[in-house]
Amino acid sequence: MVRGKTELKRIENVTNRQVTFSKRRSSLLKKAFELSVLCDAEVALMVFSSTGKLCEFSSSSSGINKTIERYMANAAISSGSNMEENLKLRTDDQSSDDLLKKMEFLEEYKRLYIFLTKLLNEQIDQLKEQGKKLTRENAELRKKSEMLYLTAAPPLPVTVETALFIGPPFQTHRQTP
């Protein structure tokens, strides 16, 4: 059974679009790999998602940058234009934007880290003060308990009857003198 032709238009549902992107990206990467292995071709593939995430593949062991440099060298020779300079400028602009974003993120992270460190130090100081207070209270209670023990009346003597009686219980026996 033959499937109908898929109409090529933007998928409006964000979830469906992401699923389709993920599946088709995987297929595209697989095809690039197969092309490089079967035909012994140097293949480089870059895909940016709608969120700006980069996905890349390079069949070259030296990486995608070497393939791009090789492309730029061949393009410059064949066209005689300044494509290499234009691409380098765009790359530099993207790199500086990325670096600025990273710096802003790191600055925010640093501020948060300093705030948390101060907060932790304050809590540590409070806990130390509570520890000192509890130690003082413990010493006072110990002194009070020692004073109560020392001032308490000695226990009354207990008399114990040690005589031995024979007979039914609760019957009192009197010894005759």
Side-chain angles (χ1 to χ4, degrees), residues 1-139 141:
M1 183 175 208
V2 178
R3 280 201 300 181
K5 194 171 190 178
T6 305
E7 183 182 349
L8 291 180
K9 67 175 187 174
R10 185 175 186 265
I11 300 170
E12 296 301 323
N13 185 324
V14 177
T15 305
N16 291 347
R17 186 179 333 132
Q18 182 60 36
V19 169
T20 302
F21 174 79
S22 179
K23 287 180 180 178
R24 291 197 175 220
R25 179 190 62 205
S26 299
S27 298
L28 185 61
L29 290 170
K30 182 179 177 186
K31 290 290 183 186
F33 173 74
E34 290 172 352
L35 180 64
S36 69
V37 171
L38 293 173
C39 301
D40 193 29
E42 184 176 345
V43 178
L45 173 69
M46 293 187 304
V47 179
F48 289 93
S49 71
S50 58
T51 60
K53 185 177 179 185
L54 170 66
C55 179
E56 61 183 27
F57 167 79
S58 175
S59 63
S60 170
S61 61
S62 57
I64 198 167
N65 290 335
K66 288 290 185 183
T67 305
I68 291 173
E69 288 174 10
R70 185 174 169 190
Y71 166 77
M72 295 303 292
N74 285 333
I77 291 171
S78 64
S79 68
S81 68
N82 291 336
M83 286 178 56
E84 183 176 10
E85 290 178 16
N86 291 339
L87 183 63
K88 186 175 182 182
L89 287 174
R90 275 188 261 141
T91 305
D92 289 344
D93 289 343
Q94 286 176 341
S95 296
S96 63
D97 289 342
D98 290 343
L99 287 175
L100 284 174
K101 288 178 184 176
K102 286 180 184 178
M103 284 176 56
E104 289 171 1
F105 172 76
L106 289 173
E107 285 294 327
E108 184 63 30
Y109 184 79
K110 179 183 170 185
R111 282 191 290 273
L112 180 63
Y113 178 77
I114 290 171
F115 171 75
L116 289 176
T117 304
K118 286 180 181 178
L119 185 65
L120 285 175
N121 285 335
E122 289 173 5
Q123 288 178 346
I124 288 170
D125 291 340
Q126 288 175 354
L127 289 173
K128 284 180 181 179
E129 286 299 318
Q130 285 179 350
K132 289 176 184 178
K133 181 180 175 183
L134 290 173
T135 303
R136 284 192 302 267
E137 286 178 12
N138 189 18
L141 290 173

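- From S58, atom OG reaches atom CZ of F33 across 12.5 Å, with rounding to the nearest 0.5 Å.
- Residues F57 and S59 come closest through the heavy atom pair CE2-N, 3.9 Å.
- For the atom pair Q126 CD and N121 CG, the distance stands at 11.5 Å (nearest 0.5 Å).
- Look at E108 and R111 and you find a salt bridge, because one of the NZ, NE, NH1 or NH2 atoms lies within 4.0 Å of a carboxylate O, short of that distance.
- Under the 4.5 Å side-chain criterion, counting only non-hydrogen atoms from C-beta, E107 is not in contact with E104.
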**Request:** Begin from the C-alpha positions of Q18 and T15 and carry the test side-chain contact (heavy atoms from CB on, under 4.5 Å) through to its verdict.
**Result:** CA-CA 5 Å; Q18 182 60 36; T15 305; 5.9 Å; no
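- No more than 12 heavy atoms of other residues, nucleotides or ligands sit less than 6.0 Å from atom CG of D40.
- The NZ atom of K110 sits 11.5 Å away from the OG1 atom of T117 when rounded to the nearest 0.5 Å.
- Of the inter-residue distances, the one linking D125 atom CG with E122 atom CD reads 8.0 Å to the nearest 0.5 angstrom.
- One finds the CD1 atom of I11 at 6.5 Å from the CG atom of N16 (value rounded to the nearest 0.5 Å).
- Within 6.0 Å of CZ in R24 there are 12 or fewer heavy atoms belonging to other residues, nucleotides or ligands.
- Remark: the T51 side chain and the S49 side chain contain an N/O donor-acceptor pair separated by less than 3.5 Å.
- With rounding to the nearest 0.5 Å, the separation of CD1 in I64 from CD in E42 is 10.0 Å.
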